[in-house]
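Accompanying notes for the structure given below.
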Amino acid sequence: MSKLIIANWKMNGSIEQIEHDLSIYAKSVYTNNPSVVLAIPNIYLYLAAQIQNKLGAKFSLAAQDVSKFRNYGAYTGEISASMLKELGAKYFIIGHSERRTYLNETEDSLVHKIDNTLNEEIIPVFCIGESKSIRESVEYRDFLENQLKTLLKVKSSFDKLVIAYEPIWAIGTGIVPTSEQISEVLKLIKAFVQNYLPHAKITALYGGSVSGGNASEILNLPEVDGVLVGGASLKPGDFVSICTY
Ligand code: PEP
């Protein structure tokens with residue numbers, strides 16, 4: 001089975017870039033694949049879905065956020081899970097350290113957002129990761145397990161779960177954990193799911209400074225079911241080369 005490769009564009013891109021990059025991804029055998037997921041800004045999902053239909057492309061689309069409120073209502077500025085589903089989102093990124101830090105994402109809002117998207121059959125990509133100071137303490141495993149415990153509060157049933165280990169010290173820094181460090185945490189994630197959520201089929205990802213140069217080593221680790229790619233996903237040449245792992 002192909003490994004899951006998710007491009008997290010964050011707050012980047014334009015209509016021109018979406019048209020340009022998606023036409024490249026539709027043509028390459030490495031990216032024209034449902035396991036290649038493009039998390040572009042939500043505002044461009046409709047355009048991306050139209051391009052996808054026009055080109056008959058098989059890659060998947062992901063949202064970068066969703067409202068914690070259900071369906072429709074008086075929540076100015078919000079976009080609901082059902083709207084994102086209509087726009088073609090198959091996955092959505094949740095719990096990213098940037099949103100936890102800059103947007104004050106609380107556990108309560110994470111749980112509501114996960115519930116809302118699961119109700120629309122959108123698969124959450126739940127991100128966890130420790131800061132440098134926590135990594136240097138003895139407690140980083142407890143910290144990561146505590147972050148995972150958010151999933152135990154989700155009420156909706158689910159059978160598929162994507163969890164991404166994204167150490168904050170590796171995001172956008174060019175610093176990548178050793179293979180042993182990545183494997184250790186992905187094993188911890190899988191053991192957690194087996195213990196507390198045995199009904200769920202888990203896909204465990206690594207994210208943080210993945211590039212064309214290191215993707216193959218990371219993606220060939222047996223515990224790694226895929227990667228979440230930030231900066232390198234903005235350059236189509238680099239992203240295609242990651243997908244050729
Ligand atoms: C991210 O922020 O999700 C990420 C993986 O970023 P980068 O690849 O740029 O480190």
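Values below: all heavy atoms of this structure, side chains included; hydrogens, waters and symmetry mates excluded. For ligands, and for the atoms within them, numbers begin at 1 and follow the listed sequence. One-based numbering along the sequence shown.
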Cut-off 3.5 Å, side chains only: do [X] and [Y] have a donor facing an acceptor?
X: S179; Y: E217; value: yes
X: Y165; Y: E130; value: yes
X: Q17; Y: W9; value: no

- [ ] Using a strict cut-off of 4.0 Å, indicate which atoms of ligand 1 neighbour a heavy atom of G172.
- [x] 7 (P), 9 (O), 10 (O)
TODO: Give the atoms of ligand 1, by number and element, whose distance to some non-hydrogen atom of A170 is under 4.0 Å.
DONE: 10 (O)
Tell me the protein heavy atom at minimum distance from [atom], and give that distance in Å.
atom: atom 9 (O) of ligand 1; value: G231 N, 2.8 Å
atom: atom 5 (C) of ligand 1; value: E166 OE2, 3.1 Å
atom: atom 2 (O) of ligand 1; value: K10 NZ, 2.6 Å
atom: atom 8 (O) of ligand 1; value: G230 N, 2.8 Å
atom: atom 1 (C) of ligand 1; value: H96 NE2, 3.2 Å

If you measure every N/O of [X] against every N/O of ligand 1, is any gap under 3.5 Å?
X: G208; answer: no
X: I171; answer: no
X: G207; answer: no

Task: Close approach of S211 to ligand 1, heavy atoms, under 4.0 angstrom - done: no
Open item on the list: For the CG atom of L38 and the OG1 atom of T31, what is their distance to the nearest 0.5 Å?
Closed with: 8.0 Å
Task: ligand 1 versus S97: contacting region, heavy-atom distance under 4.0 Å - done: neither
Open item on the list: Is there a continuous path of hydrophobic side-chain contacts, each under 4.5 Å between heavy atoms, that joins L205 to I168?
Closed with: no
Task: Q50 atom CD, over 12 foreign heavy atoms within 6.0 Å - done: yes
TODO: Could you tell me whether D115 and K68 have a side-chain N and a carboxylate O separated by less than 4.0 Å?
DONE: no
Open item on the list: Strictly below 4.0 Å, N to O, side chains only: are E121 and K90 in salt-bridge contact?
Closed with: no
TODO: May I ask you to decide if the ring planes of F158 and H199 are parallel, tilted or perpendicular, using 30° and 60° as cut-offs?
DONE: tilted
Task: Shortest heavy-atom approach to atom 7 (P) of ligand 1 - which of S233, A232, S209 - done: S209
